[in-house]
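Being a predicted model, the structure only gives us computed values, none of them experimental. One is the number of the first residue; the rest follow in order along the sequence.
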Amino acid sequence: MQKWKVVVTDWEYADLRYEEQVLDSERIELVPAQCRTEEEVIAACRDADALINQYAPITRKVIDSLEKCRVITRYGVGVNTVDLEAATEKGICVANVPDYCMDEVADHALALLLAWTRKVVVANHHVKSGVWDFKVTQPISRLRGKVLGLIGFGKIPQALAEKVKPLGLRVIAHDPFVPEALAQEKGVQLVSLDELCREADFISVHAPLTQATEGMVGSEQFDAMKPGAVVINTSRGPVIDERALIEALRTGRIAGAALDVVEREPISPDNPLLTMEQVILTPHVAWYSEEAAAEMRTKAAMGVVDVLLHGEYPKYLVNTQVKEKVRLKESCPQNRYAAYV
C-alpha cells in the first residue's frame with residue numbers, strides 16, 4: 001500500500017493537533033519541519049507528496065526540486081509564498097483557505113476604525129499616565145454621515161459593509177472584478193480608485209497581494225485623499241507603499257492610519273510608524289480567533305486529503321489552470337469538510 005509523505009514546511013502553533021486529526025491515516029506520514037529558507041524547504045520536501053505551508057518560501061527553485069509533489073496547501077487566504085506559475089507548470093495543485101476568518105477580519109477593521117475615531121488608544125494612554133482630561137482626545141468628529149471606502153470588495157469587505165450600516169456610514173468600493181449588480185445588492189456604490197480616495201473619510205484596504213496590487217496605494221492616492229482621511233489595512237502590508245504612507249502622515253497630508261499589517265513583518269524597531277501618535281498598530285492579528293485558527297488548519301489539511309486520498313481537486317483550488325496539466329475528479333462534497341469544521 002502506497003504511503004503518502006506530507007510535510008508541514010513551517011508553522012507557529014503550539015502543536016499540529018488539527019492537522020494530525022485530519023491526516024490520521026495509515027496511508028499518510030505527517031512530517032513536521034520548521035523551514036525558513038529555500039535550501040531548508042528543498043532538503044525537507046524533495047520527496048514529499050504534499051506540502052502544507054505557512055511562511056516558508058515555495059519558490060520556483062523549490063518547486064523544480066520537488067520530485068513527486070501533487071498538492072501544496074497554504075494556511076490562510078494569501079498564496080504569495082508560493083510561485084503559482086511554477087506550480088501550475090509542474091502540475092501541482094495549490095490551495096488556500098479563503099473563508100475561515102471573514103468575520104474576524106471584518107470585525108478587526110471595524111475595531112480599528114472605531115478605536116481611531118473615538119481616540120481610544122490615546123485616551124487609554126493618558127488615563128494610565130495619570131491624566132484624566134477629555135481634551136487630550138480633541139478633536140473627535142461624529143461618525144454618522146461619514147464615508148467608508150473599501151479597496152477590494154470580496155467576502156470580507158462585504159461583511160464589513162454590512163456591519164457599518166447601523167453606524168450611519170455611507171459605503172463606496174473599488175474593485176474592477178465585482179459586478180455592479182452585486183454592489184447594488186449590498187447597498188454599496190462602485191467607484192474608481194481615484195474617486196474613492198477623494199471621497200472617503202476612512203479607507204479600508206482589502207485587496208490581496210499580487211503583482212498588480214503591490215504598492216497600489218501610493219503617493220498619488222495619498223495626494224488625492226482628504227486631509228482628515230484615515231487609512232486602515234487588514235490585508236497585506238505591501239499593498240500600501242509604506243514610504244509614501246509615512247510621508248503622508250509626517251506632513252499631515254492625511255490624518256492617521258490603523259494598521260494590522262506592515263510592509264515587513266515583524267515591524268522593524270526603527271520604523272517611524274512606531275513613534276506616530278496618529279497611528280494604531282496591531283501585530284497581524286485580524287485573522288485570529290480560536291475558532292478561525294482551528295478552521296484554517298483543518299481546511300488546509302483537508303486540501304491534502306482531497307488530492308491524495310480521494311483523487312479530487314482540492315475544494316479551494318487556487319491555480320485552476322492546473323486542470324490542463326493534471327486530471328482529477330471535481331472537488332468533494334461539502335459534508336466531508338463539515339465533519340471536521
How far apart are the closest heavy atoms of [X] and [Y], and which atoms are they?
X      : Y      : answer
Lys3   : Ile28  : NZ-O, 4.1 Å
Ala86  : Asp83  : N-OD1, 2.9 Å
Asp306 : Pro314 : OD2-CA, 3.5 Å
Glu312 : Leu328 : O-CD1, 3.6 Å
Lys226 : Ala200 : CD-O, 3.8 Å
Ile63  : Ala87  : CD1-N, 3.7 Å

Before giving the answer on salt bridge (Lys or Arg N to Asp or Glu O under 4.0 Å), spell out for Glu199 and Lys146 the whole-Å C-alpha distance, their side-chain angles and the decisive distance to 0.1 Å.
CA-CA 10 Å; Glu199 288 194 21; Lys146 295 291 193 297; over 6 Å; no
Using atom types as modelled and distance alone, determine if a side-chain donor or acceptor of [X] lies under 3.5 Å from a backbone N or O of [Y].
X      : Y      : answer
Arg36  : Glu40  : no
Lys90  : Leu66  : yes
Glu242 : Glu263 : yes
Asp49  : Trp4   : no
Thr275 : Pro272 : yes
Lys119 : Thr137 : yes
Lys165 : Ala161 : no
Asp241 : Gly215 : no
Asn319 : Val94  : yes
Thr213 : Val239 : no

How many angstroms lie between atom [atom1] of [X] and atom [atom2] of [Y], to the nearest 0.5 angstrom?
X      : Y      : atom1 : atom2 : result
Leu160 : Leu110 : CG    : CG    : 6.5 Å
Arg198 : Leu193 : CZ    : CG    : 10.5 Å
Ile246 : Thr251 : CD1   : OG1   : 11.5 Å
Asn96  : Leu317 : CG    : CG    : 9.0 Å
Tyr18  : Met296 : OH    : CE    : 10.5 Å
Cys197 : Phe222 : SG    : CZ    : 8.5 Å

Does the side chain of [X] come under 3.5 Å of the side chain of [Y] through a donor N or O and an acceptor N or O?
X      : Y      : value
Thr88  : Gln321 : no
Ser268 : Asp270 : yes
Thr282 : His284 : no
Tyr13  : Gln54  : yes

Report yes if the side chains of [X] and [Y] come closer than 4.5 Å at any heavy-atom pair, otherwise no.
X      : Y      : answer
Ile92  : Leu51  : no
Leu281 : Val279 : yes
Thr117 : Phe202 : yes
Val41  : Asp10  : no
Thr73  : Asn53  : no
Lys61  : Asp64  : no
Leu169 : Val147 : no
Pro283 : Ile267 : no

Check the pair Tyr75 / Tyr100 against ring-ring contact (aromatic ring centres under 6.0 Å, His included), numbers first and verdict last.
CA-CA 10 Å; Tyr75 294 124; Tyr100 77 100; 9.5 Å; no
Consider only side-chain heavy atoms of I, L, V, M, F, W and Y, link residues closer than 4.5 Å, and tell whether [X] and [Y] are in one cluster.
X      : Y      : result
Met276 : Val231 : yes
Val121 : Val127 : no
Val261 : Trp287 : no
Trp11  : Val77  : yes
Val71  : Ile58  : no

Determine whether more than 12 heavy atoms belonging to other residues, nucleotides or ligands lie under 6.0 Å from atom [atom1] of [X].
X      : atom1 : answer
Lys155 : NZ    : no
Glu220 : CD    : no
Gln138 : CD    : yes
Arg60  : CZ    : yes
Glu67  : CD    : yes

Does Arg170 form a side-chain contact (heavy atoms from CB on, under 4.5 Å) with Leu148? I'd like the steps, not just the answer.
CA-CA 6 Å; Arg170 181 167 74 89; Leu148 171 63; over 6 Å; no
Are Thr81 and Thr59 close enough, and set up right, to give a side-chain contact (heavy atoms from CB on, under 4.5 Å), and what steps lead you there?
CA-CA 7 Å; Thr81 60; Thr59 61; over 6 Å; no
Stepwise, does the side-chain contact (heavy atoms from CB on, under 4.5 Å) test hold for Val205 with Leu150?
CA-CA 6 Å; Val205 179; Leu150 303 171; over 6 Å; no
With side-chain contact (heavy atoms from CB on, under 4.5 Å) as the criterion, how do Ser235 and Asn233 come out once you've worked through the C-alpha distance, each side chain's angles and the decisive distance to 0.1 Å?
CA-CA 6 Å; Ser235 60; Asn233 191 3; 2.7 Å; yes
Lys323 to Tyr313, cation-pi by 6.0 Å centre distance and 45° axis angle:
yes
Residue pair Lys163, Asp107: steps toward the salt bridge (Lys or Arg N to Asp or Glu O under 4.0 Å) verdict:
CA-CA 8 Å; Lys163 292 174 190 290; Asp107 289 346; 2.9 Å; yes
Mind running salt bridge (Lys or Arg N to Asp or Glu O under 4.0 Å) on Lys299 and Asp99 for me, showing each step along the way?
CA-CA 10 Å; Lys299 286 183 172 179; Asp99 58 357; 3.1 Å; yes
In terms of side-chain geometry, is the basic nitrogen of Lys5 or Glu29 positioned less than 4.0 Å from the acidic oxygen of its partner?
no
Is Asp24 salt-bridged to Arg17, cutoff N-O under 4.0 Å?
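Between Arg17 and Asp24 there is no salt bridge, as every charged N stays at least 4.0 Å from the carboxylate O atoms.
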